[in-house]
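Structure first, commentary second.
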Amino acid sequence: MNKILCIVGPTASGKSAFAIEVAKQLNSEIISADSMQIYKHMNIGTAKICQADTHIKHHLLDIVEPFAEFSVANYQTLALPIIEQLIKDNKTPIVCGGTGLYINSILYPLNFSETSKNNDLRDSLKAKLNEFGAEYMHDWLCRLDTVSAEKIHTNDTKRVLRALEINLNFGLKVNTEIKQPQYEYLMIGFNPNDRKTLYDRIDNRVDTMFLNGLTTEVENLIKNGVTFDCQSMQAIGYKEFKQYFSGDINITELKELIKQHSRNYAKRQLTWFKKYNDIVWFDKPCDEAITLVNNTFLRK
RNA sequence: GCCUUGGUAGCUCAGGUGGUAGAGCAGGGGACUGAAAAUCCCCGUGUCGGUGGUUCAAGUCCGCCCCAAGGCA
């Protein structure tokens, strides 16, 4: 018996609507696995559903302000108790989202507690990187943690720095051993057979975002003190406004850029999800997918 | 009509003094354990506008033609 239902896929593949449909049938609740929909006041650009309209409880949406720092570790801390509670209530937890790492933090026993982040150390490592370069940092890591160094490319400075941080702070190595899932699950993935279909959907969705007032939403964020340095403003559909507001690109170029970045992102998401070899893929949300869910979870 | 500058990978363009082409972006594939909508890795044969010619050898020099932009009439 599967305990958890996971619904994944690239952006604009129809996950959210499907999750709501399924939640109604299973009389359950949805746990969002989306690294950007956690932010309040960022609704249009993150394609956040309006919870009130659905009559379905969504967890982990709108949980922090756009100024806040957030990470997988925070996500995991919040998500696991919700999962446990739902299971206790005899409801099927429905995890739905496009952030692969967040989904892993639920499905697998990834332990972040022993390697908490250290901002001071991180800053000093960044300073060293700027002074001595990527190769120097990688060589350094190689001396402390050869295994990680071999896995991390020299140019992937973000990971090199994190590995150094873990090592210098705790004397530990980055833990990348393959673990067994801590929950049984059924994972459903949506991916249009034709890549062009997906890209057209993404393009249309971006156009819709602008019609729905994306520009105003971003202006309001800025007005309220959110800057482009904030982690939240890394989000596609937001970060591009920096160039627009500074006059480097016009509105047409802005839209094109957001579409472009969204398409690139969708491809990266697919790469991530493809590695789950137990995923059940569907071209799009459909009756067969619903039937599969019902047969799996509705047997009593 | 004349002059000028261009016409090179899907797009934007590099390619001193001639030796059959290379970057960025796009596209495809991949990685991913506290920024993950982030970060990073791998993949480039294309009638070098066409056609004659000079040359052992032309994207690169010369002639003519076609197309585009600008200038002069």
Side-chain angles (χ1 to χ4, degrees), chain A residues 9-12 32-39 42 45-48 64 66-79 97-119 121-123 125-126 129 134 137-138 145 147-148 150-167 169-170 172-179 182 195-196 198-199 202 205-206 209 228-241 253 256-276:
Chain A
T11 182
S32 165
D34 188 299
S35 65
M36 290 302 160
Q37 294 189 3
I38 58 164
Y39 294 108
M42 296 175 68
T46 63
K48 202 183 289 166
V64 293
F67 311 97
E69 281 190 1
F70 197 84
S71 73
V72 223
N74 301 319
Y75 177 82
Q76 187 188 46
T77 307
L78 295 169
T99 305
L101 182 59
Y102 282 17
I103 289 173
N104 270 13
S105 78
I106 290 178
L107 261 26
Y108 296 90
L110 307 185
N111 185 357
F112 299 107
S113 62
E114 292 172 2
T115 55
S116 64
K117 83 179 218 190
N118 180 332
N119 279 330
L121 178 54
R122 206 174 273 202
D123 288 344
L125 287 171
K126 269 183 204 167
L129 168 66
M137 301 307 279
H138 192 264
D145 179 357
V147 178
S148 299
E150 276 171 5
K151 282 185 183 167
I152 306 172
H153 189 99
T154 307
N155 292 341
D156 200 349
T157 54
K158 212 180 227 184
R159 287 201 171 76
V160 172
L161 262 50
R162 165 98 262 250
L164 281 169
E165 178 190 328
I166 291 174
N167 200 285
N169 214 183
F170 304 99
L172 299 170
K173 306 188 186 316
V174 183
N175 189 351
T176 53
E177 66 174 284
I178 312 290
K179 296 187 172 75
Q182 58 188 343
R195 188 62 59 85
K196 188 176 182 306
L198 176 63
Y199 288 174
I202 288 171
R205 185 144 97 163
V206 172
M209 285 175 182
F228 286 103
D229 296 328
C230 291
Q231 195 180 308
S232 59
M233 293 302 271
Q234 292 181 147
I236 295 164
Y238 296 85
K239 62 178 168 191
E240 295 84 358
F241 274 87
E253 290 166 328
E256 279 314 305
L257 197 57
I258 292 174
K259 289 174 184 176
Q260 187 59 68
H261 288 165
S262 301
R263 285 183 241 128
N264 295 157
Y265 172 50
K267 209 173 87 63
R268 264 177 276 137
Q269 288 178 299
L270 281 169
T271 297
W272 181 287
F273 294 128
K274 273 190 246 175
K275 73 182 173 188
Y276 298 112

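None of the values given here were measured: they were computed from a predicted structure. These values consider heavy atoms only, across backbone and side chains, with no hydrogens, waters or symmetry-generated copies. Just so we're on the same page: letters track the sequence lines, and every chain starts at 1.
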Heavy-atom check, side chain of A:Ser105 versus side chain of A:Phe112, under 4.5 Å: yes

Rounded distance in Å between the P positions of B:A23 and B:C41: 15 Å

B:C61 pairs with, by Watson-Crick or G-U criteria that keep both distances under 3.5 Å: B:G53

For atom CE of A:Met36 and atom P of B:A35, their distance in whole Å: 12 Å

Rounded distance in Å between the P positions of B:C11 and B:G50: 15 Å

Spacing of A:Ile103 atom CD1 relative to B:U33 atom P, expressed in whole Å: 16 Å

Residues that A:Lys151 engages under side-chain contact (heavy atoms from CB on, under 4.5 Å), provided they are two or more places apart: A:Thr176

Under 3.5 Å on both distances, the Watson-Crick or G-U partner of B:G16: none

Strand partner of B:G24, provided both Watson-Crick or wobble distances fall under 3.5 Å: B:C11

Per-nucleotide protein contact string for nucleotides 39-44 of chain B (B base, S sugar-phosphate only, - none; heavy atom under 4.0 Å): BSS---

Atom C1', compared across B:G28 and B:G19: separation rounded to whole Å: 34 Å

Watson-Crick or G-U wobble mate for B:C72, both contacts under 3.5 Å: B:G1

Separation between the P atoms of B:A69 and B:C62, rounded to whole Å: 25 Å

Sugar-phosphate only, base, or nothing, as touched by A:Thr99 at under 4.0 Å among non-hydrogen atoms: sugar-phosphate

Length of the OH-P vector between A:Tyr102 and B:U33, whole Å: 14 Å

Atom pair CG/NZ of A:Leu257 and A:Lys239 - distance to nearest 0.5 Å: 8.5 Å

Rounded distance (Å) that lies between atom C1' of B:U33 and atom CG of A:Leu164: 16 Å

Euclidean distance, atom CG of residue A:Asn74 to atom C1' of B:U33 [Å, nearest integer]: 14 Å

B:G6 - base-pair partner by Watson-Crick or wobble geometry, distances under 3.5 Å: B:C67

Residues that A:Arg195 engages under side chain to side chain donor-acceptor pair (under 3.5 Å), provided they are two or more places apart: none

Atom pair distance, as rounded to whole Å: CZ in A:Arg162 and P in B:G34: 5 Å

Distance in angstrom units between A:Tyr108 OH and B:G34 P, rounded: 17 Å

Touch class at under 4.0 angstrom, heavy-atom based, for A:Tyr238 against every strand present: nothing

Set of residues satisfying salt bridge (charged side-chain N to carboxylate O under 4.0 Å, His left out) with respect to A:Lys117, sequence neighbours excluded: A:Glu69

Shorter than 3.5 Å, N or O on both sides, protein versus nucleotides 26-29 of chain B: list them out with atom names.
from  : atom 1 : to       : atom 2 : distance (Å)
B:A26 : OP1    : A:Asn264 : OD1    : 3.2
B:A26 : O3'    : A:Gln260 : NE2    : 2.9
B:G27 : OP1    : A:Gln260 : NE2    : 3.0
B:G27 : OP2    : A:Gln260 : NE2    : 3.3
B:G27 : OP2    : A:Asn264 : ND2    : 2.6
B:G28 : OP1    : A:Arg195 : NH1    : 3.0
B:G28 : OP1    : A:Tyr199 : OH     : 3.3
B:G28 : OP2    : A:Tyr199 : OH     : 3.1
B:G29 : OP2    : A:Arg195 : NH1    : 3.2
B:G29 : N7     : A:Lys267 : NZ     : 2.7

For A:Glu256, side chain to side chain donor-acceptor pair (under 3.5 Å) partners two or more places apart: none

With sequence neighbours excluded, residues passing side-chain contact (heavy atoms from CB on, under 4.5 Å) with A:Asn169: A:Asn118, A:Leu121

Heavy-atom check, side chain of A:Arg162 versus side chain of A:Arg122, under 4.5 Å: yes

Interatomic distance at P, B:U20 relative to B:A57, whole Å: 14 Å

Protein-nucleotides 9-13 of chain B N/O pairs under 3.5 Å:
none

Residues forming a side chain to side chain donor-acceptor pair (under 3.5 Å) with A:Lys275, sequence neighbours excluded: none

Partners meeting salt bridge (charged side-chain N to carboxylate O under 4.0 Å, His left out) with A:Asp145 (sequence neighbours left out): none

Inter-nucleotide P distance (B:U4, B:A9), Å rounded: 26 Å

Any A:Gln231 side-chain nitrogen or oxygen under 4.0 Å from OP1 or OP2 of B:A36: yes

Partner nucleotide, any strand, of B:G44 [Watson-Crick/G-U, under 3.5 Å]: none

Residue closer to the 5' end of RNA chain B, A:Leu110 versus A:Gly237 (nearest nucleotide): A:Leu110

Rounded interatomic separation in angstrom, taking CG from A:Leu101 and P from B:G34: 7 Å

Heavy-atom side-chain proximity of A:Leu161 to A:Lys126 below 4.5 angstrom: yes

Distance, C1' atom - from B:G22 to B:C2, rounded to whole angstrom: 37 Å

Partner set under side chain to side chain donor-acceptor pair (under 3.5 Å) for A:Thr115, not counting sequence neighbours: none

Touch class at under 4.0 angstrom, heavy-atom based, for A:Ser262 against every strand present: nothing

Separation of the C1' atoms in B:G1 and B:A14, to the nearest angstrom: 35 Å

G-U wobble or Watson-Crick pairing nucleotide for B:U33 (cut-off 3.5 Å, both distances): none

Sugar-phosphate only, base, or nothing, as touched by A:Lys126 at under 4.0 Å among non-hydrogen atoms: base

Non-neighbouring partners of A:Tyr102 that pass ring pair (Phe, Tyr, Trp, His ring centres under 6.0 Å), sequence neighbours left out: A:Tyr75

Check: A:Ile103 and A:Trp272 side chains under 4.5 Å, non-hydrogen atoms: no

